[in-house]
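The shown structure was predicted, so the numbers you read here are calculated from the model rather than taken from an experiment. A, B, ... follow the sequence lines: proteins, then strands. Residue 1 opens every chain.
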Amino acid sequence: MFVYFIVSGHHISTPSPHRGPAPRQRQNIPLWQFIKELLKQADKFGDCVKWLDRSRGVFKVEDSSRLAKEWGLRKNRPKMNYDKLSRSIRQYYRKGIIKKTEQSKRLVYQFCTPYL
DNA sequence: CACCAGGATGCAT
DNA sequence: ATGCATCCTGGTG
């Protein structure tokens, strides 16, 4: 009688210490590019995020929880929410990728010129 | 209450 | 070291 222990190829992630699990997640894409992807498909994601001023890269998050859900799907992060997604957007401020508009409006952001 | 700013920390790449 | 994901304190309309 044989028993096969399938210890998959490389290594299964260790239990998971502190915050959140560590689900095997493939498919890497920066958040700002992901947002641009949705922006390109107004038909599918217009209720999620849409351009306010396409030429200036100004966009508005129409449905924050939906956007977070889509991002969570893409990154395989089931616990993703807008609070955390927006924190990542805020990290883009000092990197000069995305900024808040002049008269900062709720749920409205703007891509910095080199990232348009 | 939902959104916004940014520090701290953990983790995978 | 980079890019989040997560967590948190505190502030605004």
Determine the contact category for A:Leu85: base if any of its heavy atoms lies under 4.0 Å from a base atom, sugar-phosphate if only primed atoms, P, OP1 or OP2 are that close, otherwise nothing.
nothing
Side chain of A:Arg77 only, heavy atoms from C-beta on: which candidate in B:dC3, C:dT6, C:dG3 is closest?
C:dT6
With under 30° as parallel and over 60° as perpendicular, where do the rings of A:Tyr115 and A:Trp32 fit, or are they tilted in between?
perpendicular
Indicate whether OP1 or OP2 belonging to C:dA5 is found under 4.0 Å from a side-chain N or O atom of A:Lys75.
yes
From the options C:dC4, C:dT6, B:dG6, select the nucleotide whose nearest atom is closest to the side chain of A:Trp71.
C:dC4
Does any N or O in the side chain of A:Ser86 come within less than 3.5 Å of the main-chain N or O of A:Asp83, such that one atom is a donor and the other an acceptor?
yes
N or O in side chain of A:Lys84 less than 4.0 angstrom from C:dT6 OP1/OP2
yes
So, OP1 or OP2 of B:dC3: does either fall under 4.0 Å of a side-chain N or O from A:Tyr82?
no
Does the side chain of A:Asp47 reach to within under 4.5 Å of the side chain of A:Asp63, using non-hydrogen atoms?
no
Would you say the base of B:dG6 and the side-chain of A:Arg87 have a donor-acceptor pair closer than 3.5 Å?
yes
Hey, is the side chain of A:Arg90 pairing donor to acceptor with the base of B:dA5 inside 3.5 Å?
yes
Respond yes when some side-chain nitrogen or oxygen of A:Ser86 is under 4.0 Å from OP1 or OP2 of B:dA5, and no when none is.
no
Minimum-distance nucleotide (side-chain atoms of A:Ser88 versus C:dC7, C:dC4, B:dA5):
C:dC4
Taking the minimum atom-to-atom distance to the side chain of A:Tyr109, which one of C:dC4, B:dC4, C:dT6 wins?
B:dC4
Stacked cation flag A:Lys100 on A:Tyr109, 6.0 angstrom / 45 deg
yes
Under-4.0 Å side-chain N/O to phosphate OP1/OP2 contact, A:Tyr92 with C:dC4:
yes
When you measure from the side-chain N and O atoms of A:Lys79 to the phosphate of C:dA5, is any distance below 4.0 Å, counting only OP1 and OP2?
no
Among B:dC3, C:dC7, C:dC4, the one nearest any side-chain atom of A:Ser64 is B:dC3
